[in-house]
Amino acid sequence: MDGRNKFLRVLALYVCLVAFCTSPIWLGGYFINQDGSAHVSNAWIMLGLLQGEPLYAELYSFNTFALPNSIGHWLLAVLLIFVSPFAATKIMVVGIFAATVAAAGNLRFHTSGLDGVGTSMLIGAAVSFNWLWLVGFYNFCIGVCIVTFTIAIFSKWRDALTWRRVFALAFLLLLTYYSHLVAVAALVGVMLLVAVFSTTNNRKMIVAKTITAMLPLVPLILTYRSVSASSDTAFAPVWRSLVDPTSLTSWLHQLRAADSFIIISRKAFPFIEQFSLWFTLFSPILWIAGAMLLLGITTFLSRRNEDEPPRLRQEYVIIFAIFLAAALFSPDDFDPQHGGIVRERILIIGLLLFIPIFRAGGNLTVKTVANSLLLFIIAFQTFALWDYSSHSNAVGREFVSAQRAIPQSGGIASITVIEDNLRYHSSPIVMINNLNGIGRNQIVWDNYALGHHLFPVILKNGEDKKLVYRLIRSSALFSDIPKQEVSEKLNELDAVFHSDDLRIGTLLVWGESPELDVVVTKHFEAEPFYHSENIRLYRRKQAPNVSTDEN
């Protein structure tokens with residue numbers, strides 16, 4: 001009965017935690033994230049290709065079967081059969097959050113039983129509030145859930161690894177591969193280390209079976225490598241944050257840049273407009289690190305009374321240390337064309353791997369303080385999400401009103417003038433134009449996912465790909481960037497409109513900029529055919545008539 005009551009308490013905590021943390025999404029009206037809008041649009045194109053839509057069949061094609069970054073798009077495609085794009089976005093964002101918290105509790109349960117599951121779910125919720133989730137990096141975030149779940153059951157199965165379980169692990173590895181490369185690389189590394197640390201006499205067989213489960217990945221990786229090798233950019237590590245390896249300031253910037261948990265600026269506080277350096281005291285990473293440090297200290301002090309096998313403790317300590325070091329010192333990316341934001345992804349997975357380490361018992365006061373730190377930062381992030389959700393709802397309302405004036409067919413692109421890009425890590429307006437491609441014969445030309453090989457749907461024509469790539473490099477103008485960079489972007493936009501063969505028939509401009517207006521009115525009608533507080537819609541000027549007189 002005691003075990004049953006403990007399970008019911010854990011279940012109640014889970015339901016309350018997920019309901020509270022995701023309330024800004026369900027109750028906040030229109031919830032629009034940044035990259036998520038492009039992913040929903042791509043999922044709609046995938047449905048059109050499957051249904052044989054002539055327009056889509058002419059322009060688009062499916063990418064290689066070996067593409068890893070795709071599972072989230074297929075889930076969105078299924079959702080779009082039944083619900084609207086806005087509802088699909090909410091279901092994805094809430095579902096990923098709920099799955100990550102559940103996976104965190106499951107990891108603890110399979111490595112330590114019910115003890116500490118509540119704290120583990122708090123860690124899961126704190127880690128789930130990361131900006132990659134907010135922006136809409138669905139594939140990676142789904143991969144995190146699968147990685148955490150797979151590590152849990154592998155830890156349980158390791159010393160009794162039957163061939164049936166090997167096949168099950170192979171399937172989970174394939175699922176992880178089709179979510180994200182960083183996720184599957186992390187899972188492979190963890191599984192190999194956990195296998196090596198087996199204390200049974202069958203260690204060699206366990207390692208061999210673990211490697212066998214990984215073999216189906218090999219042809220996929222080789223195929224994808226051959227496809228991505230055709231990219232115009234080299235696959236090489238880049239440390240973008242570490243400008244000067246001999247500078248302490250540069251190293252501090254390198255460490256700070258790995259922070260994955262900024263929903264609103266470190267200098268901002270939910271529902272307070274003013275910025276202040278004092279607000280950096282509420283940086284989520286500080287509170288998460290503080291809670292984990294306290295749990296680590298009480299674990300170390302009580303290690304002699306630990307009932308778990310010490311080898312299990314050691315292996316996860318080593319794995320956690322490896323991931324933490326990788327998050328702090330590894331490259332930022334291998335060129336964006338091959339996928340970026342590496343260290344932030346490693347940090348998210350690494351912090352979840354702390355869950356098997358801490359001891360649930362020990363000093364009750366220290367444990368209570370650690371849980372309080374986690375609860376505080378979870379509440380802070382929830383209010384920050386409410387702040388973002390309020391902004392997103394206002395954006396969504398204005399966009400939907402403008403959408404009624406947009407033609408049902410043709411080509412459309414957007415330009416965003418962002419006056420304040422400091423408050424939120426996700427900007428709902430940057431890619432919201434992608435939603436115009438859903439439910440109409442409208443081709444959205446500033447859909448960044450169509451410009452390179454990292455997503456399930458690609459443009460067939462090379463010139464179309466170049467158009468998309470040039471647009472996404474120049475279509476967002478931020479108020480805080482140097483004037484020289486603004487001038488370069490405007491010159492690029494002018495060149496794009498001059499050479500696009502009138503493929504862009506409608507232009508959506510979000511925000512005001514006199515310099516931008518000069519470029520826009522060269523190629524589009526001087527007066528917008530729709531105007532709201534922030535949105536202007538322009539029609540393309542018709543090409544001049546060519547005289548056929550032979551006088």
Side-chain angles (χ1 to χ4, degrees), residues 35 37-70 73-74 76-77 223-235 335-339 406-415 430-431 433-476 489 491-508 523-524 538-543:
D35 290 39
S37 296
H39 299 331
V40 172
S41 177
N42 293 340
W44 182 264
I45 294 172
M46 291 162 65
L47 283 179
L49 285 174
L50 290 174
Q51 295 166 359
E53 292 287 341
L55 178 63
Y56 293 160
E58 178 184 351
L59 287 172
Y60 312 109
S61 65
F62 284 111
N63 210 334
T64 172
F65 74 95
L67 182 77
N69 199 31
S70 56
H73 290 76
W74 287 108
L76 279 170
T223 303
Y224 179 66
R225 183 180 179 184
S226 67
V227 172
S228 60
S230 62
S231 172
D232 294 334
T233 55
F235 187 86
D335 190 275
Q337 283 292 302
H338 299 286
I406 297 173
Q408 290 291 317
S409 61
I412 188 171
S414 69
I415 303 172
V430 170
M431 297 186 190
N433 184 50
N434 286 277
L435 300 180
N436 283 316
I438 300 176
R440 54 176 71 196
N441 291 323
Q442 190 74 258
I443 306 302
V444 179
W445 289 108
D446 54 317
N447 183 338
Y448 83 102
L450 300 174
H452 47 68
H453 64 274
L454 294 176
F455 297 97
V457 177
I458 55 176
L459 284 157
K460 286 182 176 181
N461 185 280
E463 292 302 314
D464 288 344
K465 289 181 183 179
K466 289 180 182 178
L467 172 61
V468 169
Y469 188 65
R470 293 175 68 189
L471 272 172
I472 61 176
R473 287 190 306 176
S474 55
S475 60
K489 288 193 172 205
N491 289 336
E492 177 71 3
L493 279 173
D494 188 18
V496 168
F497 294 141
H498 183 75
S499 62
D500 73 336
D501 294 327
L502 302 181
R503 281 174 286 186
I504 302 171
T506 304
L507 184 69
L508 186 155
H523 306 276
F524 296 82
Y538 291 90
R539 288 190 182 92
R540 188 62 175 262
K541 288 180 179 178
Q542 296 300 312

Inset, instruction - Mind listing the closest non-hydrogen atom pair of Lys460 and Ala57 along with its distance? - result: NZ-O, 2.6 Å

Inset, instruction - With sequence neighbours left out, write down each residue that passes side chain to side chain contact (heavy atoms under 4.5 Å, CB included) with Glu492, or none if nothing qualifies. - result: Arg470, Arg473, Ser474, Val496

Legend entry - Met431 versus Ser37, closest heavy-atom pair with distance: O-CB, 3.3 Å

For residues 59-68, which side-chain donor-acceptor pairs fall under 3.5 Å, sequence neighbours excluded?
| from | atom 1 | to | atom 2 | distance (Å) |
| --- | --- | --- | --- | --- |
| Asn63 | ND2 | His453 | O | 3.0 |
| Asn63 | ND2 | Phe455 | O | 2.9 |
| Thr64 | OG1 | Ala66 | N | 3.2 |

Legend entry - ring pair (Phe, Tyr, Trp, His ring centres under 6.0 Å) partners of Phe524, counting only residues at least two apart: Phe497

Inset, instruction - State, to 0.1 Å, how close Lys541 and Leu502 come at their nearest heavy-atom pair, and which atoms those are. - result: O-CD2, 4.3 Å

Legend entry - From Tyr56 atom OH to Ile443 atom CD1, the distance as rounded to the nearest 0.5 Å: 6.5 Å

Legend entry - Heavy-atom check, side chain of Asp501 versus side chain of Leu467, under 4.5 Å: no

Inset, instruction - Would you give the length of the straight line joining atom CD1 of Ile406 to atom CG of Leu508, rounded to the nearest 0.5 angstrom? - result: 5.5 Å

Inset, instruction - Provide the closest heavy-atom pair for Ala476 versus Lys489 in the form atom of the first, atom of the second, distance. - result: O-NZ, 2.7 Å

Legend entry - Sequence neighbours excluded, every pair satisfying side-chain hydrogen bond (donor to acceptor under 3.5 Å, both in side chains) that has a member inside residues 435-449: Asp35-Tyr448, Asn42-Asn447, Gln403-Asn436, Ser414-Asp446, Asn433-Asn436, Asn433-Asp446, Asn434-Asn447

Legend entry - Side-chain heavy-atom pair Asp464, Arg503 within 4.5 angstrom cut-off: yes

Legend entry - Shortest non-hydrogen separation from Gly437 to Val444 and the atoms involved: N-CG2, 3.5 Å

Legend entry - Pairwise distance CG(Leu450) to OH(Tyr469) - rounded to 0.5 angstrom: 14.5 Å

Inset, instruction - List for me each residue that meets side chain to side chain contact (heavy atoms under 4.5 Å, CB included) alongside Lys466, sequence neighbours excluded, and say none if there are none. - result: Glu463

Legend entry - Distance-minimising heavy-atom pair for Ile412 and Ile504: C-CG2, 4.3 Å

Inset, instruction - Please name all residues satisfying side-chain hydrogen bond (donor to acceptor under 3.5 Å, both in side chains) with Asp494, sequence neighbours left out, ordered by chain then number. - result: Lys522, His523

